[in-house]
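Sequence lines set the chain letters: A, B, ... in the order given, protein chains first and strands last, and positions in each chain run from 1.
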2 protein chains.
Amino acid sequence: MKNYSRQRETILQVLYSTDTHPTASAVYNEVRKVIPNISLGTVYRNLAALSEEGVILSLSVGDGYEHFDGNRAPHAHLHCKRCGKIYDAPLKQDILSGTAKENGFSSETTVYIVYGVCSKCRAD
Amino acid sequence: MKNYSRQRETILQVLYSTDTHPTASAVYNEVRKVIPNISLGTVYRNLAALSEEGVILSLSVGDGYEHFDGNRAPHAHLHCKRCGKIYDAPLKQDILSGTAKENGFSSETTVYIVYGVCSKCRAD
DNA sequence: TAATAAAATAGTAATCATTGCTGATTTAGG
DNA sequence: CCTAAATCAGCAATGATTACTATTTTATTA
């Protein structure tokens, strides 16, 4: 286990304790409950560092915000264009890693996104 | 075939004639060779409209720009973190559509992204 | 332990891709 | 031809993200 700063550790815990794919700003609001005077820049910097490290996933679904995800198991992101929520869907296998390798590409991270409408919104 | 404006039609042709996943700004520069006084706002608006229509794909790989893709066949995007290029890799099947359906989610568009290093950059 | 270097932080200012706005122009359908 | 709706060019505004700086914390070495 790496020796993280209190700020970085807290940010990581926030991501581990939710499945809501928060934005940097949302993470900031959560972390402030523990470290009230943390700065937004610190949140951005640590999210970038953790993402670069491969500990968390950085995800862009086209809503103007970057979303962050602590779940590193292979899974798809279902983004409802109606309500904006991002749902997780487990994947049996991470087919992309193999596809990348076949193309001479070394895969480090894979992202699966589906755009559509969730069942809840379709019911309305 | 829809009746597109000259601007929208030209933008679409630019996307159909490349596999480089251009940004809005890059599309703008190409289209200007045909329509010199087109405005950047028009490019953005039409890219959004075409994307909303499902005619093109809007893709964010985390480099700060939105990328656009005229290729609607199921394929993965291999994003090299070294050189920044986005390579296409054909997929045998669009497994995400099925995964979405299993979760009660109506799929309209699917996006596959792999982050890593391309063979060319690894050789250096 | 004390001294020093390196890394991380809080707070704030700057950036710049994207969106919004407005008045002019084009298109569609009678 | 005529009117309404759609689209446009040009430019201003927005706001998520990044950059910067002085300060604080952590790591290293003697």
Side-chain angles (χ1 to χ4, degrees), chain A residues 1-15 20-53 55-69 79 81 84 86 111 115, chain B residues 1-15 20-53 55-69 79 81 84 86 111 115:
Chain A
M1 184 59 179
K2 286 284 185 55
N3 198 8
Y4 288 155
S5 70
R6 188 161 97 92
Q7 288 84 347
R8 188 170 301 182
E9 185 62 39
T10 307
I11 288 167
L12 188 53
Q13 290 310 318
V14 165
L15 287 176
T20 59
H21 312 83
T23 63
S25 173
V27 171
Y28 175 58
N29 287 331
E30 275 307 305
V31 173
R32 272 211 287 184
K33 294 177 183 171
V34 182
I35 309 176
N37 70 326
I38 195 171
S39 83
L40 185 55
T42 295
V43 172
Y44 271 103
R45 184 162 25 77
N46 281 303
L47 286 171
L50 290 167
S51 180
E52 177 67 26
E53 225 188 310
V55 177
I56 66 172
L57 197 69
S58 180
L59 176 72
S60 181
V61 294
D63 62 355
Y65 306 88
E66 196 73 15
H67 294 260
F68 298 91
D69 188 348
H79 179 238
K81 62 163 61 171
I86 302 174
V111 170
Y115 297 97
Chain B
M1 185 60 177
K2 285 284 184 58
N3 198 7
Y4 288 155
S5 71
R6 188 160 96 92
Q7 287 86 346
R8 187 170 301 183
E9 185 63 38
T10 307
I11 289 167
L12 187 54
Q13 289 311 317
V14 165
L15 287 176
T20 59
H21 313 82
T23 63
S25 174
V27 171
Y28 174 58
N29 288 330
E30 276 307 303
V31 173
R32 273 210 288 185
K33 295 176 182 172
V34 183
I35 310 175
N37 71 327
I38 194 172
S39 82
L40 185 54
T42 295
V43 173
Y44 271 102
R45 183 161 26 77
N46 281 302
L47 286 172
L50 289 167
S51 179
E52 176 67 24
E53 225 187 311
V55 176
I56 66 173
L57 197 69
S58 180
L59 177 72
S60 179
V61 294
D63 62 354
Y65 306 89
E66 196 73 16
H67 294 262
F68 298 90
D69 188 349
H79 179 238
K81 61 162 64 171
I86 302 174
V111 170
Y115 296 96

Worksheet item: Nearest to the side chain of B/L40 - C/dT18, D/dT7, C/dA10?
Response: C/dT18

Worksheet item: Of A/R45 and A/T23, whose closest DNA chain D nucleotide lies nearer the 5' terminus?
Response: A/T23

Fill in: Phosphate contact (D/dA9 OP1 or OP2) by B/Q7 side-chain N/O below 4.0 Å
yes

Practice prompt. For B/A24 and for A/V43, find the nucleotide of DNA chain C with the closest heavy atom, then tell me which residue's nucleotide is more 5'.
Written response: A/V43

Item to complete: Please assess A/E53 against A/L50 for the test side chain to side chain contact (heavy atoms under 4.5 Å, CB included), listing each intermediate value before the final yes or no.
Response: CA-CA 5 Å; A/E53 225 188 310; A/L50 290 167; 4.1 Å; yes

Discussion item. From OH of A/Y4 over to P of D/dT26, roughly how many Å is that when rounded to an integer?
Written reply: 17 Å

Discussion item. Between C1' on D/dT17 and CG on A/N46, what's the gap in Å once rounded to a whole number?
Written reply: 15 Å

Discussion item. Less than 4.5 Å apart, side chain to side chain, heavy atoms only: is that true for A/L15 and A/V55?
Written reply: no

Worksheet item: So do B/V27 and B/N29 actually touch side chain to side chain, heavy atoms under 4.5 Å?
Response: no

Worksheet item: Of the nucleotides D/dA9, D/dT17, C/dA8, which one has an atom closest to the side chain of B/N37?
Response: D/dA9

Worksheet item: How long is the line joining CD1 of B/I35 and C1' of D/dC8, in whole Å?
Response: 11 Å

Worksheet item: Does the A/H21 side chain pair with the main chain of A/H67, one donor and one acceptor, at a distance under 3.5 Å?
Response: no

Worksheet item: Over how many whole Å does the gap from A/R32 atom CZ to C/dT9 atom C1' extend?
Response: 16 Å

Item to complete: Please step through side chain to side chain contact (heavy atoms under 4.5 Å, CB included) for the pair B/L40 and B/T42, ending with a clear verdict.
Response: CA-CA 5 Å; B/L40 185 54; B/T42 295; over 6 Å; no

Worksheet item: When we call it a touch if two heavy atoms are under 4.0 Å apart, what does A/G41 touch: a base, just sugar-phosphate, or nothing?
Response: nothing

Worksheet item: Of the nucleotides D/dA27, C/dA10, D/dA9, which one has an atom closest to the side chain of B/S39?
Response: D/dA9

Practice prompt. Verify the contact: side-chain N or O of A/T42 to OP1 or OP2 of C/dA10, cut-off strictly under 4.0 Å; return yes or no.
Written response: yes

Practice prompt. Kindly point out which of C/dA17, C/dA8, D/dT7 is positioned nearest to the side chain of B/Y65?
Written response: C/dA17

Item to complete: Would you tell me if any nitrogen or oxygen in the side chain of A/N3 comes within less than 4.0 Å of OP1 or OP2 on D/dT26?
Response: no

Response to the item:
Closest of D/dC8, C/dT18, D/dA9 to the B/Y44 side chain is C/dT18

Practice prompt. Choose from C/dT18, C/dA10, C/dT9 the nucleotide whose nearest atom is closest to any side-chain atom of B/E66.
Written response: C/dT18

Worksheet item: Rounded to whole angstrom units, what separation is found between the CZ atom of B/R8 and the C1' atom of C/dT26?
Response: 14 Å

Worksheet entry | Among C/dA10, C/dT9, D/dT7, the one nearest A/I38 by side-chain distance | C/dA10

Worksheet item: Within this structure, what is the CZ-to-P distance between B/R6 and D/dT7, rounded to whole angstrom?
Response: 17 Å

Worksheet item: Any side-chain heavy atom of A/V61 within less than 4.5 Å of one from A/Y115?
Response: yes

Discussion item. Rounded to whole Å, please give me the gap between CG in A/D63 and P in D/dG15.
Written reply: 15 Å

Worksheet item: Looking only at side-chain N and O atoms, does A/S5 come under 4.0 Å of OP1 or OP2 in C/dT9?
Response: yes

